[in-house]
Amino acid sequence: MSEQTETVTQAPVRYDEEEKYLLRHPRDIRQVLQALLDRRALISAHLTARGQVFPTSLIELAADEEIVLFDGSVNETVNRGIEEADQIVFVSQLDRVHVQFPLAGCERLLLDGQTAFRASLPDRVLRLQRREFYRLQVPVSHPVRCQIPFATGEEEPQWVDMRVLDISGGGLAVEVPPERPEFRPYREYTDCRLLLPDGEPLPVRLMVKKLFRQSRPNGREIWRAGCQFTDLPRGGDALIQRYIFRMERQRSARERGIG
């Protein structure tokens, strides 16, 4: 049972205002909930009809029943409110990324003598992967490439394959070949192709925001360009977020000595 007494400050955001960050595929939803469970993440649960907030955490994901279990409260009034609520909004964070999901029809049960609740898995999870929150350093063992077209005069564009150094929902950084001095800030490149693992090339439009020389750990110097996505196809943002989340789960598993 949750006995945390610290003030819960994480507030829900409106789903309709962040539609592009919604995850609806059951596999993606389970991945996020499993990460919250693995990290024993503190969750603030909002009984919006009553204006109450209580701290909780996930206990179990029952794969065969599509059920999630979470801690009850030390406060019986809150527990009655959970039973009576049409919907509860759960808010947490994973690696500084806002995570939010609704649960409805919560049923009370005793688990090892403690109050807990069960509910069906949510039909959506908001994973607010804004650019300023988190950027994934692309692991060398799982490289990502971006093909950018360069044209001179009326010649056909020449596709140049560049290594992606980091990536977020808002853009990426690439290593620029030294023979590409025309790759400079505020120039926009259309018809680029982002090559994520295990998927078809993703068409993107990039604008170079900054360009600077960087020293690598091995002493080699490279030109690094930070680029912003100025256009993504429908569903492209979700594909990028899914890749980032998968890489973060693998990194977390390695750090815990799993796999």
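When a residue number appears, it is its place in the shown sequence, counting from 1.
- Rounding to the nearest 0.5 Å gives a distance of 13.0 Å between CZ of Arg127 and CD1 of Ile29.
- Across every non-hydrogen atom of Val144 and Leu194, the tightest pair is CG1-CD1, 3.8 Å.
- Under a 3.5 Å cut-off, the side chain of Asn75 and the backbone N or O of Thr77 do form a donor-acceptor pair.
- The CD1 atom of Ile148 lies 11.0 Å from the OG1 atom of Thr190; values are rounded to the nearest 0.5 Å.
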If you apply the rule side chain to side chain contact (heavy atoms under 4.5 Å, CB included), what do you find for Glu107 with Ile67, and how did you get there? CA-CA 11 Å; Glu107 301 177 358; Ile67 293 294; over 6 Å; no
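- Considering CD of Glu156 and CD of Gln158, their distance stands at 12.0 Å, rounded to 0.5 Å.
- The aromatic rings of Phe101 and Phe90 lie parallel to each other, their planes meeting at an angle below 30°, with 60° marking the opposite boundary.
- In this structure, the separation between OH on Tyr21 and NE2 on His98 is 12.0 Å, given to the nearest 0.5 Å.
- At most 12 non-hydrogen atoms from other residues, nucleotides or ligands lie less than 6.0 angstrom from OH of Tyr186.
- Test Val174, Asp161, Leu196 against Arg145 for side chain to side chain contact (heavy atoms under 4.5 Å, CB included) and you get one pass: Asp161.
- Each of Met207 and Val160 belongs to its own hydrophobic cluster when Ile, Leu, Val, Met, Phe, Trp and Tyr are linked at side-chain heavy-atom distances under 4.5 angstrom.
- Residues Asp71 and Thr56 bring no donor and acceptor atom of their side chains to less than 3.5 Å of each other.
- In the hydrophobic clustering of this structure, Val125 does not group with Ile59; members are Ile, Leu, Val, Met, Phe, Trp, Tyr whose side-chain heavy atoms approach within less than 4.5 Å, directly or through other members.
- Here the closest non-hydrogen pair linking Leu94 and Ala35 is CD1-CB, 3.7 Å.
- Tracing side-chain contacts under 4.5 Å through hydrophobic residues (I, L, V, M, F, W, Y), one never reaches Leu69 starting from Leu103; they form parts of separate clusters.
- With values rounded to the nearest 0.5 angstrom, Gln228 atom CD is found 11.5 Å from Lys210 atom NZ.
- In this structure, the side chains of Ser120 and Glu66 stay at 4.5 Å or more apart for every pair of heavy atoms.
- Across all their heavy atoms, Arg108 and Thr115 have their closest contact at CG-CG2, 3.9 Å.
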The test is side chain to side chain donor-acceptor pair (under 3.5 Å); show your working for Glu83 and Asn79 and say whether it passes. CA-CA 6 Å; Glu83 290 180 300; Asn79 289 331; over 6 Å; no
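- The heavy-atom pair separating Cys106 from Ile82 by the smallest distance is CB-CG2, 3.8 Å.
- One hydrophobic cluster, built from ILVMFWY side chains closer than 4.5 Å, holds both Leu121 and Leu36.
- Residues Leu172 and Phe229 form a side-chain contact, since some pair of their non-hydrogen atoms from C-beta on lies under 4.5 Å apart.
- Under a hydrophobic clustering in which Ile, Leu, Val, Met, Phe, Trp and Tyr are joined whenever their side-chain heavy atoms come within less than 4.5 Å, directly or via other members, Ile43 and Leu37 fall into the same cluster.
- Closest non-hydrogen pair, Leu58 versus Leu33, comes out as CD1-O, 3.6 Å.
- Between the side chain of Ser92 and the main chain of Leu42, a donor-acceptor pair closer than 3.5 Å is present.
- Listed here is the closest heavy atom pair of Thr230 and Leu206: OG1-N, 4.1 Å.
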Given the rule in the side chain to side chain contact (heavy atoms under 4.5 Å, CB included) test, do Gln87 and Val89 qualify, once you have shown the distances and angles that lead to the verdict? CA-CA 7 Å; Gln87 179 176 280; Val89 179; 4.2 Å; yes
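- Using a 4.5 Å heavy-atom threshold, the side chains of Arg40 and Ser57 count as separate.
- Surrounding CD of Glu76 are more than 12 heavy atoms belonging to other residues, nucleotides or ligands, all under 6.0 Å away.
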Could you go step by step and tell me if Leu23 and Arg242 meet the side chain to side chain contact (heavy atoms under 4.5 Å, CB included) rule? CA-CA 9 Å; Leu23 303 178; Arg242 190 176 302 168; 5.9 Å; no
Please lay out, stage by stage, how Ile222 and Leu165 fare under the test side chain to side chain contact (heavy atoms under 4.5 Å, CB included). CA-CA 11 Å; Ile222 65 168; Leu165 303 173; 4.0 Å; yes
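- Taken from CD1 in Ile244 to CD in Gln241, the straight-line distance is 7.0 Å, to the nearest 0.5 Å.
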